[in-house]
Amino acid sequence: QARVAESGGGLVAPGGSLRLSCAASGFTLNYYGMSWFRQAPGKEREWVSCISMTDGTTHYADSVKGRFTISGDNAKNTVDLQMNDLEPEDTAVYYCARNRGSRWCSEYEREYGYWGQGTQVTVSS
């Protein structure tokens, strides 16, 4: 019954911004750590950012640190990813994922058991 669904992707020029949203249903958001991952064509899936709604802890991959911001809203049951100063290297399908059982931040894909369908982000000049 637990589900997550991403939205907000699109085409943007380098230097632009997008805000992705992950809508969670079937579970209480603050009981589980949440992450954003991304995957470019032909490349391995990459962890981007995580958040714990229990204590507010957030972490970021070095490649996006200072440009992306993750946030959550327990009342709305959503987790957003604000992406600023986008680069062509950010082009990928972005996925929202819920940790299988931990409520803390984790960058390890094996810990996530519920995934959205993905939303395409294309950064192109």
Side-chain angles (χ1 to χ4, degrees):
Q1 189 174 351
R3 295 187 300 274
V4 294
E6 308 92 338
S7 63
L11 175 65
V12 65
S17 297
L18 285 172
R19 188 176 183 92
L20 307 183
S21 184
C22 173
S25 62
F27 64 95
T28 301
L29 190 61
N30 66 345
Y31 286 168
Y32 299 97
M34 301 289 292
S35 277
W36 287 93
F37 293 83
R38 66 187 183 185
Q39 187 168 27
K43 297 185 178 180
E44 64 192 49
R45 189 148 50 192
E46 175 189 22
W47 171 80
V48 175
S49 182
C50 66
I51 186 168
S52 169
M53 298 304 294
T54 296
D55 62 7
T57 297
T58 60
H59 295 291
Y60 300 90
D62 288 343
S63 59
V64 307
K65 195 172 299 181
R67 300 187 297 119
F68 291 11
T69 303
I70 191 170
S71 61
D73 189 324
N74 282 323
K76 297 179 179 179
N77 233 38
T78 57
V79 176
D80 288 2
L81 186 69
Q82 178 66 44
M83 306 185 296
N84 298 326
D85 196 21
L86 284 161
E87 305 167 354
E89 293 76 15
D90 297 316
T91 295
V93 177
Y94 283 70
Y95 297 92
C96 178
R98 194 207 84 176
N99 195 287
R100 294 182 184 274
S102 173
R103 62 187 67 189
W104 315 115
C105 269
S106 174
E107 68 181 272
Y108 302 108
E109 184 175 335
R110 69 178 184 273
E111 296 189 17
Y112 293 86
Y114 299 90
W115 298 78
Q117 80 287 351
T119 186
Q120 177 71 49
V121 172
T122 303
V123 185
S124 178
S125 59

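We're numbering straight along the sequence, starting at 1. All values derive from a computational prediction rather than experimental measurement.
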Could you state the interatomic distance from [atom1] ([X]) to [atom2] ([Y]), rounded to the nearest 0.5 Å?
X    : Y   : atom1 : atom2 : value
E6   : S21 : CD    : OG    : 9.5 Å
W104 : H59 : CH2   : NE2   : 11.0 Å
N74  : L29 : CG    : CG    : 5.5 Å
S106 : Y32 : OG    : OH    : 15.0 Å
M83  : I70 : CE    : CD1   : 12.0 Å
W36  : I51 : CH2   : CD1   : 11.5 Å

Are a donor atom and an acceptor atom from the side chains of S17 and N84 found within less than 3.5 Å of each other?
-> yes
Going by distance alone, is a donor N or O of one side chain under 3.5 Å from an acceptor N or O of the other, for W47 and S35?
-> yes
What about [X] and [Y], same hydrophobic cluster or not, with Ile/Leu/Val/Met/Phe/Trp/Tyr joined at side-chain heavy-atom distances under 4.5 Å?
X    : Y   : answer
Y114 : L81 : no
V64  : V79 : yes
Y95  : L86 : no

Heavy-atom closest pair, residues [X] and [Y]:
X   : Y    : answer
M53 : D73  : CE-N, 3.8 Å
N30 : T54  : O-OG1, 2.9 Å
R3  : F27  : O-CE2, 3.7 Å
S71 : R19  : OG-NH2, 3.6 Å
C50 : Y112 : CB-OH, 4.2 Å
F37 : V48  : C-CG2, 3.9 Å

Report the C-alpha distance between Q82 and D80 in whole Å, list the side-chain angles of each, state the deciding distance to 0.1 Å, and finish with yes or no for side chain to side chain donor-acceptor pair (under 3.5 Å).
-> CA-CA 6 Å; Q82 178 66 44; D80 288 2; over 6 Å; no
Answer yes or no: is there an ion pair linking R38 with E46, defined by an N-O contact shorter than 4.0 Å?
-> yes
Evaluate the side-chain contact (heavy atoms from CB on, under 4.5 Å) criterion for residues L11 and S124: first the C-alpha distance (whole Å), next the side-chain angles of each, then the deciding distance (0.1 Å), finally the verdict.
-> CA-CA 7 Å; L11 175 65; S124 178; 4.3 Å; yes
Just so I know, are the side chains of [X] and [Y] near enough to count as touching, which here means a heavy-atom distance under 4.5 Å?
X    : Y    : value
Y108 : N99  : no
E109 : W115 : yes
S63  : E89  : no

With no hydrogens and no angle check, is any side-chain donor or acceptor of R100 less than 3.5 Å from a backbone partner on S102?
-> no
Can you label the angle between the Y94 ring and the F68 ring as parallel, tilted or perpendicular, going by 30° and 60°?
-> tilted
